[in-house]
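For the single chain, residues carry numbers from 1 onward in sequence order. Note that the structure is predicted; figures quoted are calculated from it, not measured.
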Amino acid sequence: MSEIRALLRAGRSSAAVALVDATLPDADDPTERTWLLLLRLAGVLNLEHSAEYAGTVDRAAAAVRDLGDPGALGYFHALAAQVAHADGSLERCVTHLVRAGRFLTEVDKPDVVTAAAWHNLAVSYSNIWFHDQAADAAGRAREVAASLDMNWHLALPEVQVRFGIYLDHRGDTDGCVRVLRALVNDADRAPRREDNPALPRVIDMDLPWFGYALTRLAALDAGDDRDPRPYLYAAGGDAELADLRSYGEVCRAIAAGDSEAALDRLQRLESAIYNPHLTTLGASEAARLRALAHLVAGDHAAAYAAERSAFQHTASHLDRIQTLLVEGVAARLDHEDLRLTVARYADEALTDPLTGLPNRRHLQQYVEAMAERGETGVLGVLDLDGFKAVNTVHGHLSGDTVLQKAAGALVRIMRRRDFVARYGGDEFVLILPSATMEKTEEIGARITSAIAAEDWASLVPGTPLSASIGWAELNGVERRNGRTEIASAFEIADRAMYQAKAAAMRRRRAGGGLAA
């Protein structure tokens, strides 16, 4: 395990993942297996192997749940947040970050891996430009490290570098220079490496961040004459470090007054990035460096246009945070409504643990009680269209989040006297007491519209979701032809649901778009 961690710290994640894969088949101890899976997740994140994210997250999630250790859970959620961010889901990302912090504060006796988990949490907050939270987590990491004599006084330079360039993106260049210069001065005062006295004694993967601070200062005409390349090229070849080197070379060209080379490098760099919002240094950095390159060339109009682009990227991120806040409040209200819906049932055996909704057993009891009272109504079976793709693309952890959000939407849209249960998988059952089949078209349209209106694109990008519903009558008869009424009604409604799903599929194939 220590060898794997050493490879990750050296920026050699390919070798680390290969070693994990060779070790896992013989790992019988649950704790060892859990940490191997967590280190594998860290490795594929460093390598940006996005095709492996969902499967690796699912395996690690199952392992940490079984282990139940708060340190491992905190470590997992800090990494899962980065996967959610890579998927484009800021909401899911922040949820993981909050959970990570809560689990880590529950650790009774912090150890080296606790310090590493706080480190990862700081990095994850920094990745989404939540700088106050990143600084707090970085402080926690240093506190744990100091209590263990780990000598981490120069740890987490990436948090400070990102904070510095964020200030520059907002127009506070002086603040950026102060932050980056303080980081460089700390590195100059640090103990030196025995193998290379020119470099501070920090882990290899931190050195390129110091190198980028040097090149960024030089691009702002606030640097010194030292060569930053020993820092930039000191570690392995992980994707994040490769980004730093590429941007660092752009900064070096700007500092040398070679705007043509800087702009050419930027164009090649941006053409290789599939999503500028997910780059190591954020969406605004390329635009800001382009502005500096145009200034070197004396093209003030182009510099102004690039500067405006940098501001727009920063403002777009702030808009996403505002949206997240509004959606977070809505989700909390949904949860409160859901809690009120099931609060009168104290028996956990009647509640679905994932969504908090009544479960199949509770549904059976509810319909039987209706039949005893002679009460009529309508039963609906709702299925989430596209849910299988969510699990395939984003993993089962994201699928669980989708089910929880769908449950909240159903509780919000249904009437107070209606009954909503999770039947299993992505199937929900709706009971509408006293309703008639004549009303189901209107009610069904309202429900499916509410499901379609959820912001699935931000939660599970690229996997659209909708809903299909089938309906059946409940006649208030406890048994019919030797079968319980719910069994008969469910069978009828289930067939109707599949017919609705097939009709929606035909409309999509004919170009009619998603079903409401």
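- With sequence neighbours excluded, the residues satisfying ring pair (Phe, Tyr, Trp, His ring centres under 6.0 Å) with H131 are W129, F163, Y166.
- The salt bridge (Lys or Arg N to Asp or Glu O under 4.0 Å) pairs that include a residue from residues 423-442 number zero, where partners must be two or more places apart or lie in different chains.
- For the atom pair CG (L104) and CZ (R140), the distance works out to 9.0 Å, reported to the nearest 0.5 Å.
- Side-chain atoms of R102 and H77, non-hydrogen and from C-beta on, never get closer than 4.5 Å to each other.
- Between D58 atom CG and S398 atom OG the span is 8.0 Å, to the nearest 0.5 Å.
- Distance check: I443 CD1 to W471 CH2 gives 6.0 Å after rounding to the nearest 0.5 Å.
- Using a distance-only test at 3.5 Å, with no hydrogens or angles considered, no donor-acceptor pair links the side chain of R65 to the main chain of G68.
- The shortest side-chain heavy-atom distance between Q160 and W209 does not fall under the 4.5 Å cut-off.
- When the options H85, R162, E240 are evaluated for a side chain to side chain donor-acceptor pair (under 3.5 Å) with N127, the one that passes is R162.
- Proximity of S466 to T448: side-chain heavy atoms (C-beta onward) are nowhere separated by under 4.5 Å.
- Within the model, atoms CZ of R59 and CG of L38 stand 11.5 Å from one another, a figure rounded to the nearest 0.5 Å.
- When ring centroids are compared, F76 and F103 stay outside the 6.0 Å threshold.
- S309 pairs by the side chain to side chain contact (heavy atoms under 4.5 Å, CB included) definition with A287, H313, not counting sequence neighbours.
- Ring geometry for Y423 against F490 counts as parallel: the plane angle stays under 30°, on a 0 to 90° scale with 60° as the upper cut.
- Between the NE2 atom in H49 and the OG atom in S14 there is a gap of 5.5 Å [rounded to 0.5 Å].
- Qualifying salt bridge (Lys or Arg N to Asp or Glu O under 4.0 Å) partners for R495, counting only residues two or more places apart in sequence or in other chains: E491.
- Looking only at distances, a side-chain donor or acceptor of Q404 sits under 3.5 Å from a matching main-chain atom of L354.
- Contact of the L459 side chain with the D455 side chain is not registered, since no non-hydrogen atoms from C-beta on lie closer than 4.5 Å.
- Put simply, the side chain of R415 reaches to within 4.5 Å of the side chain of L432, judged on heavy atoms.
- With contacts defined as side-chain heavy-atom distances shorter than 4.5 Å, the pair L410/I447 qualifies.
- Taken from CG in D400 to NE2 in H394, the straight-line distance is 14.0 Å, to the nearest 0.5 Å.
- L363 is listed as a side-chain neighbour of I431, based on a closest heavy-atom distance under 4.5 Å.
- With M1 as the partner, the side chain to side chain contact (heavy atoms under 4.5 Å, CB included) test is satisfied by one option alone out of T23, L19, V20, L39: L39.
- The only member of R290, Q312, R288 that meets side chain to side chain donor-acceptor pair (under 3.5 Å) when paired with E307 is R288.
- N46 contributes no side-chain N or O that, together with a main-chain N or O of D238, makes up a donor-acceptor pair within less than 3.5 Å.
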Requested in this report: Run the numbers on Y53 and V44 for side-chain contact (heavy atoms from CB on, under 4.5 Å), then give the verdict.
Outcome: CA-CA 7 Å; Y53 287 172; V44 298; 4.2 Å; yes
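- Looking at S126, its side chain never comes within 3.5 Å of a backbone N or O of A122 through a donor-acceptor pair.
- For E249, the salt bridge (Lys or Arg N to Asp or Glu O under 4.0 Å) criterion is met by R252, not counting sequence neighbours.
- Considering only residues two or more places apart in sequence or on other chains, Y212 meets the ring pair (Phe, Tyr, Trp, His ring centres under 6.0 Å) condition with none of them.
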